[in-house]
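Order of appearance sets the numbers: ligands from 1, and atoms from 1 within every ligand. Please read all numbers here as calculations on a predicted model, not as lab measurements.
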Amino acid sequence: MEKPLFNLPAYYYSRFYHCLLPILSKLPVSQQIKIASRGRLFFMQQFSKQKFIQTDTFSENNRLSKTLWGIKFRTPLGNSAGMFKNGEGYDTVAKLGAGFYIGGTSTANPRNGNSKNGIDLPFISLPKSGAAINWLGLPNLGDDKLHKKIITESKLADCPIGWSVMRSPDYAESEGIEHLINSLWLYHDNPQIDFLELNESCPNIKAGGGNIIPRIEQISIAFLQKRQRKLPIILKISNDIDENALVEIIHSAINLGFDGINLGNTSTNYVDLRHWIDLDDRKLFDYFTQTFGGGVSGKVLGNNSLTLCATAVNEVRRIKPQQEFHVIRSGGINSPEDIVASEKIGVSLNQWYTGFFDNYTRYGNNVYKNLYAGK
Ligand SMILES: Cc1cc2nc3c(=O)[nH]c(=O)nc-3n(C[C@H](O)[C@H](O)[C@H](O)COP(=O)(O)O)c2cc1C
């Protein structure tokens, strides 16, 4: 990893990159993607290890806090999985005012992630469209290492820690599930972790989709029903899911003992999404999706995630589960209005990724403070 020339606050780098965009956009698209992919890695390293964030950037606000599954969340908004794949960055986002933190997604074995045409971990942001596309392919250090990681020395009582895990695509399905169950137990035994998220939705790996229900049945028998402590587990699925399939999955998830559902992950529905992409971003969008594929994130997912969450909330209310079961929204969260819209339909928590960095570029360390100003 390159060393920074100066020890600047991380948002200087993101602002600098955005100032450069008009010039970068003159380069061939493959070069733009190369620069963005490298730049993302460099920036994330600077962002995660920041030391000089004043702790009064966002003070605890009881009107926003909520208790779910007996766990206190300072606010209903935190990062979504994939931002801190190796458990970095808790202290940074906790100081900025996040309501919770999620590390991972991790897999049983270490993975380098995807590489093609000389580009490692391909990524591009499309700021005019409020979107991004990534084809990272689950790079992470592996669960043997990560489950032992001390995520923070200064955990806040109201900024809980979640961890996202996934079946590794490097094994045949049944062996992969065995490894996944083993990993779930490893994180179960890490007392810093307050809840888990099972990622059943990554578009960037050759996992063979198959049917999710038999897989979660095995996880229920071997893990969910045997948990020895309060450790809620959320099922994260794709924002591309069809509503009938969603209803079926919600019924199974509730019956099998899951504690929530997250809608959801990035989209590969390029044909429909393309209409929402700014004309200036289309060339990059087309090149990236045709060359790498990848999952699209950001504002373009907002309507879909809201509609799917509304369906999920209604179904959960109809079923009236015995356990506390929550609907979590991820996809296109970018503004206070998005959080209000989520609240209106009964979403319990929101996660953001693309919108977080969009706001961070504009507001720096006031990213959360600004969002909740006047609330
Ligand atoms: C660079 C990048 C990496 C991601 N990695 C993961 C991941 O490892 N696990 C996961 O469940 N989702 C991952 N996601 C998806 C996000 O967690 C989120 O569900 C999705 O981006 C939609 O939210 P957004 O519109 O706020 O970005 C990733 C997204 C991005 C942009």
Can you sort out which atoms of ligand 1 are near [X], meaning under 4.0 Å from one of its heavy atoms?
| X | value |
| --- | --- |
| Trp352 | 26 (O) |
| Gly332 | 24 (P), 25 (O), 26 (O) |
| Gly298 | 24 (P), 25 (O), 27 (O) |
| Thr354 | 24 (P), 26 (O), 27 (O) |
| Ser80 | 16 (C), 17 (O), 18 (C) |
| Thr266 | 15 (C), 20 (C), 21 (O) |
| Gly331 | 22 (C), 23 (O), 25 (O) |

Ligand 1 contact on [X] by region, counting heavy-atom pairs under 4.0 Å:
| X | result |
| --- | --- |
| Ala132 | neither |
| Leu136 | side chain |
| Met83 | neither |
| Asn134 | side chain |
| Lys85 | side chain |
| Asn199 | side chain |

- Charged N-O contact under 4.0 Å between Lys95 and Asp91: no

- Query: Under the salt bridge (charged side-chain N to carboxylate O under 4.0 Å, His left out) rule, what pairs show up with a residue in residues 275-285, not counting sequence neighbours?
  - Reply: Lys128-Asp280

- Item | Gly264 heavy atom under 4.0 Å from ligand 1 | yes

- Does ligand 1 have any atom that is closer than 4.0 Å to a heavy atom of Ser330? yes

- In terms of heavy-atom contacts, Val93 and Arg74 come closest through O-NH2, 4.4 Å

- Can you establish whether the number of heavy atoms outside Gln225 located under 6.0 Å from its atom CD is more than 12? yes

- Message: Other residues, nucleotides and ligands only: do more than 12 of their heavy atoms fall within 6.0 Å of NZ on Lys116?
- Response: yes

Closest to [atom] among [options] (heavy-atom distance):
| atom | options | result |
| --- | --- | --- |
| atom 12 (N) of ligand 1 | Arg40, Glu200, Lys236 | Lys236 |
| atom 14 (N) of ligand 1 | Gly82, Gly130, Ala81 | Ala81 |
| atom 15 (C) of ligand 1 | Asn265, Leu138, Leu198, Val296 | Asn265 |
| atom 1 (C) of ligand 1 | Tyr353, Trp135, Phe84 | Tyr353 |

Is [Y] close to [X] at the side-chain level, that is, under 4.5 Å between some pair of heavy atoms?
| X | Y | answer |
| --- | --- | --- |
| Phe195 | Asp259 | no |
| His326 | Trp69 | yes |
| Phe292 | Ile133 | no |
| Phe84 | Thr92 | no |

- Ring geometry between Phe356 and Trp352 (parallel below 30°, tilted from 30 to 60°, perpendicular above 60°): perpendicular

- Message: Applying the ring-ring contact (aromatic ring centres under 6.0 Å, His included) criterion to Phe43, which one of Tyr13, Tyr17, Phe357 satisfies it?
- Response: Phe357

Based purely on interatomic distance, does [X] place a nitrogen or oxygen under 3.5 Å from a nitrogen or oxygen of ligand 1?
| X | value |
| --- | --- |
| Phe123 | no |
| Gly104 | no |
| Thr105 | yes |

- Task: Report the C-alpha separation of Phe100 and Gln351 in whole Å, then their side-chain angles, then the decisive distance to 0.1 Å, and conclude whether the side chain to side chain contact (heavy atoms under 4.5 Å, CB included) test is met.
- Result: CA-CA 9 Å; Phe100 58 91; Gln351 302 178 351; 3.8 Å; yes

- Query: So, Arg329 side chain and Gly302 main chain: donor-acceptor pair closer than 3.5 Å or not?
  - Reply: yes

